[in-house]
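I have placed the structure first, in the form of structure tokens, so that the comments after it can refer back to it.
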Amino acid sequence: MKMLLRIFRYSLNIIYFFFKLFKTNKNKITFLSRQDNNITLDMKLISDELLKENKDLKLVFLCKRFDNIKKHFISYGFYTLKTMYHVATSHVCIIDSYSLPISVLKHKKDLKVMQIWHAMGAIKKFGYQTVGKTSGRKVAVSEELRMHKNYDKIISGSSAMTKYFMEAFGYKKDVFLNYGLPRIDYLLNNEENLKKEILNKYKDLSNKINILYAPTFRKTFDDETDKLIENIDFNKYNLIVKSHKNQDIKLDNKNIYTCDDFTSLELITVCDYLITDYSAIAIEAAILDKKTYYFVFDYEKYKENNGLNIDLYKEMPGFVFKDAKDLIENLEKNEYDMNALKKYKDKYIEVQDGTSTKKIVNEILNWIGD
């Protein structure tokens, strides 16, 4: 396996050598994402701000999800070649996840790469923190495919989060910018408009207290959603369930909303309570002061197989539960400690004034200027 991966990496670099013969466009910025087939929110916000500042920029977007690379091997191959060409002719690349061409290839010296990642923080371990674990990559794969190499700058949400990102990405502190993601600006600037749009579409959400349940992705998934459902009084509450993009929670209950035309991020604006587990949506919800509960039914198992950076029991005492019934009973008391939530928000969201996008864009424009 290790030798095959090495041959694969060398082969890509041989092909890439010829792509590098094409001239670099100093105004070209390529956005790469494996999170969606469409331009992601963070990338759209960055690109809009870039064009506002400099209309001469050439922006290229390569956004493609490959949920099964083996099944779509040929199309993935052509997509990789296309990506290699655009990377070779760009001055800047913006990525939000691991990118094979970025990490395994030897680039021109003038290429700059910014990793904005696709989550505001890392409650759970990832990247190099999970190599060799049940939930992570194998050691040989991470080494030969040079996981998270060739980054010039990495966006983090705060200095408190950066220490975990340093471990996950394998970089020193000076590479990180604690600006947070553009999505924070989006929530701050569009809360009321989003709320109005959602409530116009789902009018029943105006009549009760809204609970949003948004769990993280698990490779080994034990669905405990039914236990939450059993303990919710639907005469008093609406329950919105949003599963992770990589995971589909099966539901057969007419009382539950999935709101498929809105993202979990957008639905934060209408929820009165958020229930999650190890997902960074908890950090995003904190910017709007949303009361958040943590349903960690598999806490010991998850901690062993994946690992956690944040001790939720210490960070949010009294709002972390393994049992669904206990969680809902506590929620019913309506005694949420907003001071604890504010402390959590201030610790993990450093930029709270809606300037995250501008700060990121200024860094990119400095590269273009250089």
Side-chain angles (χ1 to χ4, degrees), residues 117-126 129 154-168 173 176-192 195 209-216 264-265 267-297 299 302-303 306-323 326-357 359:
W117 203 231
H118 54 269
M120 262 297 292
I123 294 175
K124 58 188 178 184
K125 292 183 183 293
F126 73 101
Q129 293 180 309
I154 304 172
I155 301 301
S156 173
S158 66
S159 56
M161 194 57 67
T162 291
K163 63 182 179 181
Y164 306 124
F165 274 23
M166 288 167 63
E167 296 173 3
K173 190 175 182 178
F176 293 86
L177 300 170
N178 301 324
Y179 295 162
L181 293 175
R183 66 184 67 177
I184 293 299
D185 301 345
Y186 179 74
L187 285 173
L188 289 170
N189 296 330
N190 297 280
E191 180 182 10
E192 290 305 317
K195 188 173 182 179
I209 298 169
N210 295 318
I211 300 173
L212 171 62
Y213 177 48
T216 193
S264 55
L265 185 79
L267 289 165
I268 289 173
T269 60
V270 296
C271 77
D272 299 287
Y273 294 94
L274 169 68
I275 300 177
T276 185
D277 39 28
Y278 319 108
S279 172
I281 193 174
I283 300 174
E284 294 156 0
I287 196 66
L288 297 185
D289 300 320
K290 296 296 180 176
K291 300 172 184 177
T292 300
Y293 281 85
Y294 299 84
F295 182 33
V296 292
F297 54 86
Y299 186 79
Y302 197 91
K303 191 174 181 180
N306 190 96
L308 296 171
N309 289 315
I310 297 175
D311 186 335
L312 293 171
Y313 286 96
K314 288 183 178 179
E315 297 283 351
M316 294 299 295
F319 304 106
V320 185
F321 295 88
K322 296 177 184 177
D323 183 80
D326 291 342
L327 188 156
I328 298 301
E329 284 180 354
N330 186 282
L331 185 150
E332 287 268 13
K333 293 177 182 177
N334 194 26
E335 297 176 352
Y336 200 91
D337 185 356
M338 296 304 293
N339 289 325
L341 181 61
K342 184 181 186 307
K343 185 178 177 182
Y344 180 89
K345 176 174 74 170
D346 291 344
K347 183 175 182 179
Y348 293 113
I349 307 176
E350 208 155 293
V351 179
Q352 301 181 16
D353 60 356
T355 61
S356 295
T357 309
K359 290 178 183 294

| request: Measure the spacing between CD1 of I287 and CG of L187 and express it to the nearest 0.5 Å. | output: 8.0 Å
| message | Under the criterion side chain to side chain contact (heavy atoms under 4.5 Å, CB included), I'd like the reasoning laid out for N339 against K342: C-alpha separation, chi angles, the key distance, then a yes or no. | response | CA-CA 5 Å; N339 289 325; K342 184 181 186 307; 5.5 Å; no
| said: Strictly distance-based, threshold 3.5 Å: is any side-chain N or O of S279 a donor or acceptor partner for the main-chain N or O of P215? | reply: no
| said: Tell me whether E315 contacts the main-chain N or O of Y344 through its side chain, where contact means a donor paired with an acceptor under 3.5 Å. | reply: no
| field | Side-chain donor/acceptor of E167 to backbone N/O of Y164, under 3.5 Å | value | no
| query | Less than 4.5 Å apart, any side-chain heavy atom of D346 and any of Q352? | reply | yes
| Within the distance-only criterion (no hydrogens, no angle test), does the side chain of D277 pair as donor or acceptor with the backbone N or O of V296 below 3.5 angstrom? | no
| field | Side-chain heavy atoms of F319 within contact of N330, under 4.5 Å | value | yes
| message | Could you tell me if N309 and Y278 have a donor-acceptor pair between their side chains, going purely by distance under 3.5 Å? | response | no
| query | Got I283 and L181 here, is their nearest side-chain heavy-atom distance under 4.5 Å? | reply | no
| task | Taking the six-membered ring for Trp and the full ring for Phe, Tyr or His, determine whether the centres of Y213 and Y273 are under 6.0 Å apart. | result | no
| How long is the gap from CD1 on I310 to NZ on K125, to the nearest 0.5 Å? | 10.5 Å
| message | Quick check against the 3.5 Å criterion: does N306 have a side-chain atom that pairs as donor or acceptor with the backbone of Y302? | response | no
| said: In terms of relative ring orientation, are Y336 and Y293 parallel, tilted or perpendicular, with 30° and 60° separating the classes? | reply: perpendicular
| 4.5 Å side-chain heavy-atom contact, V351 and I184 | no
| query | So do the side chains of L288 and E191 get within less than 4.5 Å of each other, counting heavy atoms only? | reply | yes
| Do K290 side-chain atoms and C271 backbone N/O form a donor-acceptor pair below 3.5 Å? | yes
| Quick check: does any side chain N or O of S158 sit under 3.5 Å from a backbone N or O of E350, one acting as donor and the other as acceptor? | no
| query | Roughly how far, to the nearest 0.5 Å, is CD of E329 from CG of L327? | reply | 10.0 Å
| Is it the case that more than 12 heavy atoms not belonging to K303 sit under 6.0 Å from its NZ atom? | no
| request: Report yes if the side chains of T216 and I123 come closer than 4.5 Å at any heavy-atom pair, otherwise no. | output: no
| said: In the structure I gave you, are the side-chain heavy atoms of L312 and L308 within less than 4.5 Å of one another anywhere? | reply: no
| query | Looking at side-chain heavy atoms only, is the closest gap between K347 and M161 below 4.5 Å? | reply | no
| task | Verify, without hydrogens or angle tests, whether D272 (side chain) and I209 (backbone) share a donor-acceptor contact under 3.5 angstrom. | result | no
| request: Please work out which of the three classes, parallel, tilted or perpendicular, describes the rings of F165 and F176, given edges at 30° and 60°. | output: tilted
